[in-house]
Amino acid sequence: MKLQSQSPIKSLGRRAFLKNGALVLSGLTFPALRRQVSGAFDTNQRGAVRIGLVTDLHYADKPPAGSRHYRETLAKLKEAATQFHSDRPDFVVFQGDLIDSGKSLAQEKTHLQTVVNAISAIPFPKYYVLGNHCVDQLTKNEFLQGVGQKESFYSFDRNGYHFVVLDSCFKSDGTPYGRKNFKWTDANIPSEELSWLQVDLKQTMLPTIVFAHQPLDLKDTDAHAVKNSSKVRNVLEQSGKVTAVFQGHSHHNKYSEIKGIHYCTLVAMVEGSGLDNNGYSSLDVYEDGSLVLNGFRKQKDYHWS
Ligand SMILES: [Zn+2]
């Protein structure tokens, strides 16, 4: 029913550190854009799987509000596309909030069409995670049709790794988001999806990476949290297979480790004006289980082994 589809490491921020005696520099920004993480890992040598990551684009044809510069997402995407052209990821994951609200349903559909057109410049397989802003006025089916994807939660395998995409855009009563029927603070993974996740993780023999929009490493009561995060984490932990969870939603770099699983919140592309404030990354997953996240612009680097 779901696409049957497709592991790990330790956090370090934007700074120099020593790894096996080798100086590792992380977190530099453009124009020295790529491969700043080096040392024990020759990161020019690609991992078993290389993944492009982008989150919280919030594209909309409207003036900036606060720190969110909606129209600039198109230029920022273009820069990410150029980077991915040289990085050649196996696939790119868009971690949610592709669009922002329009004055009407028709305008929101236009926002989606515009951002999807911009994304088409990235010639690699693409996977989408639903964000609350993706399905504000649009129904899930309308959004999924717009991006050419069948399911909102699913899994797949690639080169010795299993990847799971979760959908937390459900109200606490299990109703899917859409047509402005929800509060963004009421994000949940309903029991049906949780059961699917449990079975999916049981069936795979592979180390697993999870992609989600709303964070799973916060207290259940936190405004940004999936409200049943602790239950979801339990399923991830019990499986013994999940090495890392990548997430968005709160727009800021954040990292935590809970019971051996890395939770990495990626910076939002929409935040700040100008390419200096862009944010996206390339994740290399190595055969030995190490993960290296090469962050560009505002996105932090991480290296877990
Ligand atoms: Zn967002």
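Just so you know, ligand 1 is whichever comes first in the structure, and atom 1 is the first atom listed for that ligand.
- Inspection of the N188 and S172 side chains reveals no N or O donor paired with an N or O acceptor under 3.5 Å.
- The nearest N, O or S atom of H58 is closer to the Zn ion (ligand 1) than 2.8 Å.
- A salt bridge does not link K227 to D222: none of the charged nitrogens lies less than 4.0 Å from a carboxylate oxygen.
- Taking 2.8 Å as the threshold, H251 counts as a candidate ligand of the Zn ion (ligand 1), since one of its N, O or S atoms lies below it.
- Between the side chains of S101 and D136, no donor N or O sits under 3.5 Å from an acceptor N or O.
- A distance of 12.0 Å separates CD1 of I189 from NZ of K231, quoted to the nearest 0.5 Å.
- To the nearest 10 degrees, the angle centred on the Zn ion (ligand 1) between OD1 in D56 and OD2 in D97 reads 90°.
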